[in-house]
Amino acid sequence: ADTVRADFAPPRVRFGPLALRVGPPSSVRLDTTYVDDRIRISRGGRSGTAFVFEHLPGPAEAAEARAQWRRVVDKRPLGAG
């Protein structure tokens, strides 16, 4: 199906141990306009707001992505004397 319903819990704001609800729960009907193996683009709500969802990797892929990122972060910056 090209249409899904997304239900959202009430938004919360956290200040240390204090968590406050700042609105009611909500839901939106999303009509998918594009999908591939990496992203899904949908339009929904009364205003036709665009929603872009990205595929999240599984645990093994996530571990490899973290390792690749760590190698980048650990490199000496270009131009560092």
Side-chain angles (χ1 to χ4, degrees):
D2 293 336
T3 302
V4 296
R5 180 179 147 175
D7 294 314
F8 299 97
R12 290 182 289 171
V13 175
R14 184 175 294 273
F15 299 100
L18 179 65
L20 303 171
R21 285 189 178 171
V22 293
S26 61
S27 67
V28 64
R29 191 185 101 223
L30 300 173
D31 297 314
T32 299
T33 56
Y34 176 82
V35 65
D36 66 18
D37 61 340
R38 195 173 62 88
I39 65 170
R40 172 187 300 267
I41 301 174
S42 300
R43 293 215 173 260
R46 290 182 271 281
S47 64
T49 301
F51 291 80
V52 179
F53 300 94
E54 181 180 15
H55 171 75
L56 296 177
E61 293 168 306
E64 177 57 26
R66 281 192 300 276
Q68 288 176 4
W69 180 247
R70 176 54 51 200
R71 288 190 292 272
V72 170
V73 170
D74 288 344
K75 285 185 178 181
R76 184 181 178 117
L78 297 176

Which donor-acceptor pairs under 3.5 Å do the side chains of residues 5-14 make with protein atoms, sequence neighbours left out?
from	atom 1	to	atom 2	distance (Å)
R5	NE	D7	OD1	2.9
R5	NH2	D7	OD1	3.1

(message) Distance alone, cut at 3.5 Å: any donor-acceptor contact between the side chains of R40 and T32?
(response) yes

(request) Consider only side-chain N and O atoms of D31 and T3, and report whether a donor and an acceptor are under 3.5 Å apart. (result) yes

(request) Show the numbers, then the answer: is there a side chain to side chain contact (heavy atoms under 4.5 Å, CB included) between F53 and L30? (result) CA-CA 11 Å; F53 300 94; L30 300 173; 3.8 Å; yes

(message) A side-chain contact here means heavy atoms from C-beta on lying under 4.5 Å apart; do R71 and K75 qualify?
(response) no

(message) When you compare the side chain of H55 with that of I39, does any pair of heavy atoms fall below 4.5 Å?
(response) no

(request) Say whether V35 and V4 are linked into one hydrophobic cluster, either directly or through other cluster members, by side-chain heavy-atom distances under 4.5 angstrom. (result) no

(request) State yes or no: do V52 and Y34 share one hydrophobic cluster built from I, L, V, M, F, W and Y residues joined by side-chain heavy-atom distances below 4.5 Å, directly or via other members? (result) yes

(message) Looking at E64 and E61, would you say the former's side chain and the latter's main chain have a donor-acceptor pair under 3.5 Å?
(response) no

